[in-house]
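Notes to accompany the following structure.
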2 protein chains.
Amino acid sequence: MSMKKPDHSYHHGHLAESFLDAVDEIATQFGIEAVTLRACAKRVGVSPSSAFRHYADKRALLTAFATRAINQLADAMEQAKQEVQGTDMEAFHAVGLAYVTFALDRPAFFRAMWREETIYSHDERYVAAADRLAGYLKEGFVSTIRDEDPHAFSATELLAWSSVHGLASLFVDGPVARDRNREERIAIADAMLRGLAPALDR
Amino acid sequence: MSMKKPDHSYHHGHLAESFLDAVDEIATQFGIEAVTLRACAKRVGVSPSSAFRHYADKRALLTAFATRAINQLADAMEQAKQEVQGTDMEAFHAVGLAYVTFALDRPAFFRAMWREETIYSHDERYVAAADRLAGYLKEGFVSTIRDEDPHAFSATELLAWSSVHGLASLFVDGPVARDRNREERIAIADAMLRGLAPALDR
DNA sequence: ATCACATGTTAACGATGTTCACATCTAATC
DNA sequence: GATTAGATGTGAACATCGTTAACATGTGAT
């Protein structure tokens with residue numbers, strides 16, 4: 001049983017994940033546009049070209065990051081759902097608020113998730129993460145059959161997702177409530193979700 | 001009255017607009033990410049650096065393009081509204097459909113409009129265009145006082161905009177209805193808008 | 001005709017994504 | 001335990017990008 005300790009001076013060991021962390025930090029501090037392969041490499045303490053041993057190109061790295069971000073959002077939604085023990089409507093309200101709150105707190109992540117042109121949106125793991133997220137949204141506000149096709153959305157379900165996603169997008173990239181702080185925006189989201197209720201009732 | 005014909009071999013004449021047209025064409029054909037100052041210049045038939053006589057930097061050019069795109073969308077919405085002579089609800093339905101249809105037909109434009117990080121979102125003309133668009137959305141589905149603050153949205157108005165904007169975004173950058181064609185997506189939008197009606201009634 | 005000024009060009013700079021030949025380490029085999 | 005194939009990181013180089021500065025050319029007013 002040879003337990004040779006690996007020499008980490010040359011071989012990093014977890015470069016793939018470290019690059020994701022670097023994207024995370026740079027995107028958080030300076031925005032997605034500032035995310036550069038060279039900047040990531042410098043942050044990790046490694047040469048720029050090393051990224052290509054783990055990612056085919058920059059777009060693949062951004063895809064992996066988007067996948068991670070979507071899963072983080074899905075985690076937040078799952079937690080929000082479990083914390084409320086109420087009606088379907090109340091559950092959806094909590095999940096929707098978690099969605100908007102995530103966008104408010106991590107705008108760069110939210111942007112990175114939905115950039116068709118800068119990610120490989122057909123990547124296996126990306127699609128899986130998106131499906132998982134869609135599943136929570138459906139579950140969130142109405143009891144559905146679990147094994148239903150995640151791509152099949154009823155008009156009502158799509159309305160729910162669209163309104164939540166739209167508000168988040170308008171907050172992050174649009175001209176809505178630019179002069180309002182975090183709490184005020186959450187209150188706005190809360191009001192919008194309450195107004196949505198009549199359309200989700202059946 | 002000297003009417004000397006200007007020599008257009010050197011001085012172009014309408015470079016600022018021509019650059020916008022170039023962005024238009026390149027974005028349409030290859031997407032926003034492919035829009036490059038040099039590519040635009042080559043398309044116009046002019047040197048790369050000439051852009052800087054008319055735009056402070058690339059971001060300013062993209063801001064001007066986003067402004068134009070927003071105004072085009074607002075035009076489409078205005079036309080849609082005038083073509084239906086019905087209830088407020090019917091008017092909103094038509095305006096909402098025009099919004100989604102624009103995003104479907106010109107995805108690159110729709111993306112360019114709402115990219116906080118690649119445009120100067122506080123630019124005077126950009127803000128004016130966004131206000132105009134917001135105005136049509138408010139007018140579209142409910143008779144409001146004209147001179148109201150365009151930034152003040154009621155929960156209901158915001159719900160209307162969010163759901164329409166959200167669906168458009170999910171179509172363009174999200175995982176929704178990837179396997180559907182244009183007409184099917186419009187039908188989906190139509191159904192969603194019908195489902196939204198109960199929440200807009202008062 | 002002159003001249004201030006707006007508009008376009010050329011050449012160069014640093015930064016970026018990417019590649020390729022090479023260096024270094026790991027792990028399985030003999 | 002030495003060998004070696006393969007995985008992982010490096011360094012130098014390339015084309016392309018946004019941007020700048022010095023220069024060239026045309027326009028319009030005086």
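Labels below follow one simple rule: chain letters A, B, ... track the order of the sequence lines, proteins then strands, and each chain is numbered from 1. The analysis underlying the following values was restricted to heavy atoms, covering all of them including side chains, and did not include hydrogens, waters or symmetry mates.
The nearest whole Å value for the distance from the NZ atom in Lys58(A) to the P atom in dT16(D) is 18 Å. His14(A) places its NE2 atom 13 Å from the C1' atom of dT8(D), with the value rounded to the nearest Å. Between the CG atom of Asp57(A) and the P atom of dT18(C) there is a distance of 5 Å, rounded to whole Å. Atom CG in Leu15(A) sits about 14 Å away from atom C1' in dC25(C), given to the nearest Å. In this entry the distance linking CD of Glu33(A) with C1' of dA15(C) reads 15 Å, nearest Å. One atom, CD of Glu17(A), and another, C1' of dT8(D), lie 16 Å apart when rounded to the nearest Å. The separation between Arg59(B) atom CZ and dC17(D) atom C1' is 17 Å, rounded to whole Å. Rounded to whole angstrom, the span from the CZ atom of Phe19(A) across to the P atom of dG17(C) amounts to 10 Å.
Side-chain proximity of Val46(A) to the nucleotides dT10(D), dT8(D), dG18(D) is greatest for dT10(D). In this structure, the nucleotide among dT18(C), dA21(D), dT10(D) sitting nearest to the side chain of Ser49(B) is dA21(D). With dT9(C), dT19(D), dT10(D) as the candidates, the nucleotide lying closest to the side chain of Arg38(B) is dT19(D). Here the nucleotide nearest the side chain of Ser47(B), chosen from dT10(C), dT10(D), dT18(C), is dT10(C).
If you look at His14(B) and Phe19(B), their ring centroids are not closer than 6.0 Å.
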Is there a side-chain contact (heavy atoms from CB on, under 4.5 Å) between Leu104(A) and Phe110(A)? Walk through the geometry before answering. CA-CA 8 Å; Leu104(A) 288 177; Phe110(A) 187 76; over 6 Å; no
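A side-chain donor-acceptor contact under 3.5 Å links Gln79(B) and Glu83(B). No side-chain donor from either of Asp75(A) and Tyr136(A) sits under 3.5 Å from a side-chain acceptor of the other.
Counting non-hydrogen atoms of neighbouring residues, nucleotides and ligands closer than 6.0 angstrom, the CZ atom of Arg178(A) exceeds 12 such neighbours.
Residue Ser50(A) is classed as a base contact, given a heavy-atom separation below 4.0 Å to a base.
Remark: the Thr36(B) side chain and the dT16(D) base include no donor-acceptor N/O pair separated by less than 3.5 Å.
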